Each structure stands twice: as structure tokens, then as C-alpha cells.
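The structure under discussion appears below in the form of C-alpha cells.
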Protein chains: 2
Amino acid sequence: MPEKPELDFPRPLTTVDVVIFAIRSDALQVLLVQRPRAETEPFPGAWALPGGFVDIAGDRDLEACAARKLKDKTGVVSPYLEQLGSWGSATRDPRGWSATHAYFALLPEHAAGGTLAADAQWFAVEGEKVRPKLAFDHAEILQAAVQRLRSKVEYTSLPAYLMPPEFTLPELQRTFEIVLDRPLEKSAFRTRMLAADLIEPVARMRRGPNRPAQLYRLKKARAPVFFARTFNPPG
Amino acid sequence: MPEKPELDFPRPLTTVDVVIFAIRSDALQVLLVQRPRAETEPFPGAWALPGGFVDIAGDRDLEACAARKLKDKTGVVSPYLEQLGSWGSATRDPRGWSATHAYFALLPEHAAGGTLAADAQWFAVEGEKVRPKLAFDHAEILQAAVQRLRSKVEYTSLPAYLMPPEFTLPELQRTFEIVLDRPLEKSAFRTRMLAADLIEPVARMRRGPNRPAQLYRLKKARAPVFFARTFNPPG
DNA sequence: CGAGTAAGTGTGTCTGAGCAACTAAGCTAG
DNA sequence: CTAGCTTAGTTGCTCAGACACACTTACTCG
């Protein structure tokens with residue numbers, strides 16, 4: 001091939017980061033990894049979102065790269081994975097002009113309980129932040145992810161992806177309440193969830209502490225379903 | 001600084017592309033540029049979205065890069081500009097692994113009528129496509145942009161950014177109808193636009209073909225406003 | 001001067017949110 | 001064994017708001 005001068009442009013560093021959410025201990029949590037302590041690394045020892053450089057040889061595309069990083073840290077292979085956005089600037093990485101493609105993933109609790117990478121740990125999301133100070137601009141990315149999750153919950157049934165394969169309506173409502181951080185009205189919630197047509201009843205029932213409850217599962221058709229209105233808390 | 005071996009990873013090509021929309025001749029149009037005819041270029045002579053490599057030396061961040069490319073092609077400096085997503089894979093560019101950060105912009109008609117770059121031209125959006133076959137995966141990006149625009153129109157008042165500084169309600173409704181490609185109900189449209197609180201009346205009136213109409217303008221506070229429901233066509 | 005057209009307003013209907021009451025089923029403590 | 005507590009799920013009522021349609025007003029043009 002003839003020479004292509006514009007390819008000699010200096011290229012930005014290209015990374016992919018994944019904001020991995022799960023409900024654990026009745027709280028919204030996010031998975032973070034600790035950066036290596038080597039002095040040659042930026043932000044040594046700091047907590048950061050799981051991510052890293054795109055592997056030109058191994059990654060077919062950006063989403064495959066995000067899925068790989070998720071699998072490396074959690075072992076989970078096919079969760080809900082959605083592109084969040086990209087952040088790129090001259091200053092966000094001390095090593096030079098860099099751009100990251102951010103994804104966010106929703107894991108059911110049972111999957112989140114599996115074997116974790118040694119450097120990974122779950123942290124509770126408090127407001128739109130997390131306790132430790134994050135490396136790079138990852139606090140900003142996390143904030144965007146939480147906002148996106150909360151805003152999509154208002155008009156889709158995304159949190160169903162945080163549930164185990166079979167769940168009861170009260171359990172699903174509890175998950176919505178944890179994500180939204182506000183109480184929801186039982187009757188309206190039921191009406192809307194059934195109208196959304198994203199979940200279907202399973203024949204079996206679950207024996208709860210008081211009485212058996214109907215089990216539901218996610219329907220195969222995974223189109224996000226939009227609600228007509230937002231619900232409001234009682235009182 | 002000590003050596004940082006991971007920085008020797010081969011880096012993907014990094015570009016920014018902008019999907020620029022405007023209403024022209026009563027239709028939704030998008031700005032395309034023709035790729036150079038040199039045989040050394042990929043897709044010589046084909047139409048493509050305006051875009052190109054990130055300039056590490058000149059661009060502060062991705063959005064500044066997108067704004068620069070928009071200004072280069074249209075002369076417009078501060079339109080509505082929103083990140084759309086990113087597309088990256090080993091195969092989308094014949095020159096190698098590449099990732100593009102896509103933005104979409106909304107231009108008012110009067111701004112879109114200004115001086116265009118020599119290689120740029122407006123094309124009507126038909127469905128979610130455009131007549132000429134596009135270079136790279138730009139058809140896919142364009143499709144995503146149209147879908148995003150249409151879906152956001154359902155619950156925000158984005159199309160107001162396609163209007164001149166002052167406009168009448170029927171003109172605004174016409175713009176909504178062009179973007180959504182379906183008729184809207186006059187009364188409901190009025191109620192919702194006023195409730196959205198994104199536009200405010202101007203003292204003056206415009207003389208129309210039959211009677212003078214109230215002029216409105218965009219409010220300074222540019223927060224996107226969400227509607228409770230979608231409107232439906234009459235009949 | 002009358003018909004046509006477009007801007008803007010009024011109105012009845014219907015859906016769904018919010019709230020509370022109520023039933024039913026199982027657990028638990030005495 | 002039983003009474004009372006807890007929770008799943010249902011029902012009914014009220015109210016607000018959005019929608020569809022129809023009406024009024026005002027201007028133009030022939």
C-alpha cells in the first residue's frame with residue numbers, strides 16, 4: 001500500500017472502562033479495582049473502574065473489549081452491558097492525551113457473588129459517589145453511570161437485570177427502591193410492571209417468611225419498555 | 001520518567017465524527033462531506049460524516065474536537081452538540097483498528113444556510129438513511145443519530161434547537177412533525193410545549209398569511225425538559 | 001362582502017396515579 | 001392449639017392531567 005501520511009498523526013491512548021453495578025446487602029454497589037502500586041503507574045494504589053487498553057490483536061470491537069474486562073474481573077460472561085459514553089482529553093491521564101470508552105453493566109446478585117479478581121472489591125454507591133477517591137476522571141464517569149441508571153429506571157424496567165433468574169414482585173420492587181433510593185407505591189408498581197410486559201409469571205411459587213409468592217422471570221424479548229409516567233412516592 | 005511498557009501497545013486510530021442535522025426545505029437534512037478521490041485514501045470519492053482524527057496538539061478534549069470539525073464545515077460556533085456514542089472495531093476502517101467518537105449537532109435553518117466547506121453538502125434524511133452509500137460504518141452511525149433524535153423528541157423539546165431565535169408555535173410544531181415524520185395534535189402540542197417551560201413568549205407578533213401569531217424564543221435555561229406522555233396523531 | 005384558512009381556546013372523556021382498605025395465607029409465641 | 005402478627009396481592013375510590021375534537025376569532029383574498 002502507498003504511504004498514508006495522516007496515519008503518522010500521534011494517536012491518543014485508547015482505553016475501555018466498565019462501571020459494574022450489582023445489588024449486594026440491600027444496597028447499590030459498584031466494582032472497583034486497585035491500581036498497581038508501582039511508581040511507574042499513574043495513581044498507584046488508588047481505586048479505579050475496571051478497564052484498560054484496547055487489545056488490537058484480541059478485541060474484535062469495543063463491546064467485546066468491555067465484555068472481556070468484565071469477565072476478567074468477575075467471571076460473568078453475558079450480563080446487561082450498555083455503552084455509557086466516552087471521555088477524552090489531554091489532561092485526564094498523566095501519560096498523555098487519552099480517550100476512554102465507558103460501558104456500564106448490571107449484574108444479578110448471585111453472579112456478583114462469584115469469584116472476584118484479587119485486586120477487585122465491591123463498594124457501596126452513596127448518592128452518586130463512592131467512598132474512596134477514584135483515579136483519573138473515574139468519579140465523573142461513575143456519576144454519569146449512576147445518573148443514567150437512575151434516569152432509565154424512571155421509564156424502563158432495567159433493574160430487572162439486577163435480579164436472579166426468578167424473583168417475586170416485592171423483590172423486584174425492593175430493587176427498584178434501592179436503585180431509585182425512594183419508596184414506591186405497591187399497587188402502581190404492580191400495574192406498571194405488568195403493563196410493561198417485560199416479565200412473565202412462572203408456574204412455581206416461592207415460600208416466603210409468611211406466605212408463598214408468585215415467581216416471575218424476565219421475558220426473552222429484552223426490548224427496554226417505556227412507561228407512560230414516572231411514579232411518585234406515597235405520602 | 002521510567003519506562004512504561006504498556007504504552008508501547010499499538011494504539012487504535014482515534015477519530016471524531018459529527019452528525020449535523022438541520023431542517024431545510026421542510027425536511028430533515030444531514031450534512032455530508034465527500035472523501036478525497038486520492039487512491040491512497042479509504043473510500044475515495046464516497047460521502048461520509050464530517051470528522052477526522054483527533055488533533056492531540058490542538059484539541060483540548062473530544063467535545064472541542066467535535067466543535068472544531070463542525071465549525072470547519074459550517075462556520076457555526078455554538079450549536080446544540082451532544083455525544084452520541086462510539087464505534088470501534090478492527091474492521092470498520094481498512095487502515096486498521098479504529099474507534100470513532102460520534103456526536104450529533106442540531107443547527108437552526110438560518111445557520112445551516114451559511115457558507116459551507118467546498119466538499120460539504122446537505123442531504124435529506126429518508127427514513128433513517130440517506131441516498132448515497134456512506135463510507136466506513138457511517139450509515140450505522142447516522143441511523144443511531146436519527147433514532148436518538150426521534151426518541152428524544154418524544155419526551156424532550158430538543159427540536160427547539162432547530163428553530164431560528166424567534167418562532168411561532170405552529171412553526172415549532174411543524175418542526176416536530178418533520179422530525180417525527182407524523183402529524184401532531186395542535187391543542188395537546190401547545191399544552192405540552194407551554195408546560196415544558198422551555199420557551200417563552202416574546203412581546204412582538206409575526207404577521208402570517210392569515211393572522212398575526214405569537215412569537216416565542218428558547219429560554220436561557222437549556223435543561224432538556226421531559227414530558228409525561230407521548231402525543232398521538234388525530235384521527 | 002363572503003368564503004376560506006389558520007391561530008388560538010374550550011370541553012368532555014378516559015386513563016392512570018395515589019391512597020387506603022381489605023382478604024388471604026402462613027409464621028410464631030404463648 | 002390458637003390468636004395475633006406479617007406480608008402478598010386485590011379492589012375501589014378520588015383526583016389530576018392529557019388527549020381528541022370542536023369551536024371561536026381574525027385575517028386574506030377574490
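All values derive from a computational prediction rather than experimental measurement. Chain identifiers are assigned alphabetically (A, B, ...) following the order of the sequence lines, protein sequences preceding nucleic acid strands; residue numbering begins at 1 within each chain.
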[X] [atom1] - [N] [atom2] separation (whole Å):
X         : N       : atom1 : atom2 : result
Leu194(B) : dG17(D) : CG    : P     : 15 Å
Arg206(A) : dT7(D)  : CZ    : P     : 16 Å
Arg192(B) : dA20(D) : CZ    : C1'   : 14 Å
Phe189(B) : dC19(D) : CZ    : P     : 12 Å
Glu185(A) : dT14(D) : CD    : P     : 17 Å

* Sugar-phosphate or base contact per nucleotide [nucleotides 2-11 of chain C; S, B, -; heavy atom under 4.0 Å] -> --BBSBBBB-
* Can you name the side chain to side chain donor-acceptor pair (under 3.5 Å) partners of Glu200(A), sequence neighbours left out? ->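 Side chain to side chain donor-acceptor pair (under 3.5 Å) check on Glu200(A) returns Arg217(A).
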Which residues satisfy the side-chain contact (heavy atoms from CB on, under 4.5 Å) test with [X], sequence neighbours excluded?
X         : result
Ala66(B)  : Val16(B), Val18(B), Leu81(B), Tyr103(B)
Arg206(A) : Thr168(A), Glu171(A), Leu215(A)
Gln173(A) : Glu177(A), Leu184(A), Lys186(A), Phe189(A)

* **Electrostatic pair Glu109(B):Arg24(B) at N-O distance under 4.0 angstrom** =>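 The answer is no: the pair does not qualify as a salt bridge.
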* Under the ring-ring contact (aromatic ring centres under 6.0 Å, His included) rule, collect the residues that match up with Trp47(B), sequence neighbours excluded. =>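 If we apply the ring-ring contact (aromatic ring centres under 6.0 Å, His included) test to Trp47(B), skipping adjacent residues, the hits are Phe123(B).
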* What nucleotide, of dA17(C), dA20(D), dG26(C), holds the atom closest to the side chain of Ala188(A)? ->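 Looking only at side-chain atoms, Ala188(A) lies closest to dA17(C).
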